[in-house]
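Working notes for the structure below.
Note that this is a predicted model, so its numbers are computed, not measured. Every chain is numbered from 1, with letters handed out A, B, ... down the list of sequences. Just the heavy atoms: all of them, side chains too, but no hydrogens, waters or symmetry mates, feed the values below.
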Amino acid sequence: MIDLKYFQANFDEVASKLSKKKVTTEALEALKIAFAKLKEANNAFENCKAEQNMLSKEFGEMMKNKQDTTELKAKVDGNKITLNELQEIAREANTRLEELALNIPNIPDNSVPFGIDENDNIELRKVLEIPKFDFKPKEHWELCNDWIDFERGVKLAKSRFSVLKGDGARVERALINYFLDHNRTKGFHEFGLPLLNNAAMLQGTGQLPKFEDDLFKIEDEGLYLIPTAEVPLTNLYHDEIIDAKELPLLMTAYTPCFRKEAGSAGRDTRGIIRQHQFDKVEMVAIAHPSQSEEIFEMMVDNASELLTLLGLPHRVVELCGGDLGFSAARTIDLEVWLPGQNQYREISSISNTNEFQARRAKIRYKEDGKNSFVHTLNGSALAVGRTLVAIMENYQNEDGSIDIPEVLKKYLN
RNA sequence: CGGGAGAUGGUAGAGCGGUUGAAUACACCGGUCUUGAAAACCGGCGAGGGUCAUACCUCCGGGGGUUCGAAUCCCCCUCUCCCGGCCA
């Protein structure tokens with residue numbers, strides 16, 4: 001949620017920044033009007049309510065003194081009718097405002113480059129040389145049929161589900177352990193989390209109400225399968241006030257993630273790049289605003305280091321405004337080299353949402369007796385399935401066998 | 001899934017229709033005292049909105065109702081605890 005008071009006072013500035021995210025001025029005008037209306041409606045209601053409270057007290061006094069209250073009763077009853085009307089107006093104004101405000105994305109940082117889509121993203125650096133093959137490298141689905149069983153995954157569920165078996169499953173598990181162990185050395189505390197979260201939590205991190213179609217929902221429970229561990233990790237502190245001395249809170253968790261992938265029909269239909277269910281190890285930081293920049297860089301470096309230690313070539317990319325997600329003020333993606341596809345593919349996305357999620361999820365810190373919103377950050381470290389793909393493609397041999405990266409060997413005996 | 005009890009500030013725990021945002025205790029923060037600490041004493045100590053600041057408004061799990069007036073009465077929902085069934 002954007003800061004409405006700031007928005008109101010700095011309309012042009014916010015509108016200009018949000019244009020990077022393709023938010024129209026009309027949408028913002030509507031928000032501005034709704035906000036003004038709410039204030040007006042609240043004002044009217046509160047004044048009337050104050051009057052009512054006063055009359056009520058008076059009534060109590062008269063009762064105590066056994067005075068005649070008929071006249072006052074008539075007055076109070078009359079006021080009550082207007083009071084109820086004003087309350088209804090205020091409620092509607094509030095509903096309307098929320099409807100609009102919850103659908104406005106976060107304001108991009110000043111440093112975010114202008115751009116329409118991923119083609120306008122800016123490559124910051126490349127890490128590790130792209131490997132040379134003296135044969136034509138295969139894509140991961142052409143490789144190693146004994147690691148992934150696509151057909152049976154579809155049989156068990158539907159398309160975009162798959163089964164890992166044997167060494168595939170073991171390498172997957174090794175990766176999870178490697179990621180978590182490594183994150184721990186950077187100060188991240190590990191969590192095991194519910195994979196079903198309620199609507200309030202998903203609204204807190206920004207998936208709801210706008211992106212309901214992307215989520216798997218358990219209808220009769222009002223619960224959603226998490227699309228990322230960012231949701232439960234960040235919301236661990238939902239509606240809490242944290243002592244500033246405790247910040248930053250660094251958290252990590254392995255979870256499966258579930259996404260409907262509505263709207264990506266036809267994209268990445270082969271292989272396990274884009275599945276309805278995939279494993280991910282996530283980092284989340286809850287930070288004091290003064291720390292968030294530094295922590296953001298640390299998280300990017302950490303994810304990059306995970307890839308480097310695996311010997312996987314990758315590049316670091318700053319997202320342009322048009323490619324930024326709903327909640328993000330700034331995002332850096334890590335893209336890993338896939339020799340079979342002959343291109344870089346996203347394997348991690350690290351975002352700073354500043355106060356955006358904190359406002360929605362009411363996560364505050366207390367410092368010198370004052371409460372303020374924290375900054376929340378999140379990033380993959382790393383997407384496990386895609387790392388598996390990267391290993392398969394980068395470590396493949398001509399005979400189709402796959403070598404194991406050095407750092408994983410201790411996890412595989 | 002069936003039966004019972006309950007949901008109040010960081011925690012414990014009063015309040016059961018009237019000026020109570022809420023006693024009390026503990027925790028916590030500041031001060032006095034002390035070489036320092038502890039103890040003792042004094043003071044502060046929920047959140048949101050509103051205002052230059054006050055006024056003022058909202059919140060006692062959530063929603064609705066009764067009433068001039070509700071933390072207090074009624075209804076629904078959610079959650080927690082205890083008993084029974086089922087089960088990893």
Legend entry - Salt-bridge present (A:Arg359, A:Asp3; N to O < 4.0 Å): yes
Starting at [atom1] of [X] and ending at [atom2] of [N], how long is that distance when rounded to a whole Å?
X: A:Ile241; N: B:C28; atom1: CD1; atom2: C1'; answer: 14 Å
X: A:Met201; N: B:C79; atom1: CE; atom2: P; answer: 13 Å
X: A:Asp243; N: B:A27; atom1: CG; atom2: P; answer: 18 Å
X: A:Glu46; N: B:G48; atom1: CD; atom2: C1'; answer: 11 Å
X: A:Arg364; N: B:G10; atom1: CZ; atom2: C1'; answer: 14 Å
X: A:Asp239; N: B:G10; atom1: CG; atom2: C1'; answer: 14 Å
X: A:Lys362; N: B:U58; atom1: NZ; atom2: P; answer: 19 Å
X: A:Glu51; N: B:A55; atom1: CD; atom2: P; answer: 19 Å

Assess the side chains of [X] and [Y]: does a donor N or O sit below 3.5 Å from an acceptor N or O?
X: A:Ser351; Y: A:Asn378; answer: no
X: A:Glu230; Y: A:Gln357; answer: yes
X: A:Lys17; Y: A:Asn110; answer: yes
X: A:Glu305; Y: A:Thr308; answer: no
X: A:Asn354; Y: A:Asp109; answer: yes
X: A:Lys280; Y: A:Thr228; answer: yes

What's the gap between [N] and [M] when it is taken at their [atom1] atoms, as a whole Å value?
N: B:C41; M: B:G46; atom1: P; answer: 22 Å
N: B:U54; M: B:C73; atom1: C1'; answer: 37 Å
N: B:C81; M: B:G49; atom1: P; answer: 33 Å
N: B:C77; M: B:A40; atom1: P; answer: 50 Å
N: B:G44; M: B:A37; atom1: P; answer: 23 Å
N: B:A25; M: B:U32; atom1: P; answer: 24 Å
N: B:C75; M: B:C26; atom1: P; answer: 39 Å
N: B:C79; M: B:G65; atom1: P; answer: 24 Å

For [N], give the paired nucleotide (Watson-Crick: N1-N3 plus N6-O4 or O6-N4; G-U: N1-O2 and O6-N3; both under 3.5 Å), or none.
N: B:G18; result: B:C68
N: B:G6; result: B:C79
N: B:G43; result: B:C29

Legend entry - A:Lys366 side chain near B:G46 phosphate (N/O to OP1/OP2, under 4.0 Å):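 Checking A:Lys366 against B:G46: no side-chain N or O falls below 4.0 Å of OP1 or OP2.
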Legend entry - N/O (side chain, A:Asn371) to phosphate O (OP1/OP2, B:A47) under 4.0 Å: yes
Legend entry - Contact nearer the 5' end of RNA chain B, comparing A:Gly369 with A:Asn53: A:Gly369
Inset, instruction - Could you check A:Lys39 against A:Asn47 and say which one's nearest nucleotide on RNA chain B is further toward the 5' end? - result: A:Lys39
Legend entry - Side-chain donor/acceptor of A:Asn198 to backbone N/O of A:Met201, under 3.5 Å: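 Yes, the answer is positive, given that a donor and an acceptor are paired below the 3.5 Å cut-off.
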Legend entry - B/S/- contact track for nucleotides 62-74 of chain B, protein heavy atom under 4.0 Å: --S--BBS-----
Legend entry - Base of B:U19 paired with side chain of A:Glu61 (donor-acceptor, under 3.5 Å): yes
Legend entry - A:Val300: which of A:Ile295, A:Ile350, A:Leu124, A:Asp333 passes side-chain contact (heavy atoms from CB on, under 4.5 Å):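 Among the candidates, only A:Ile350 passes.
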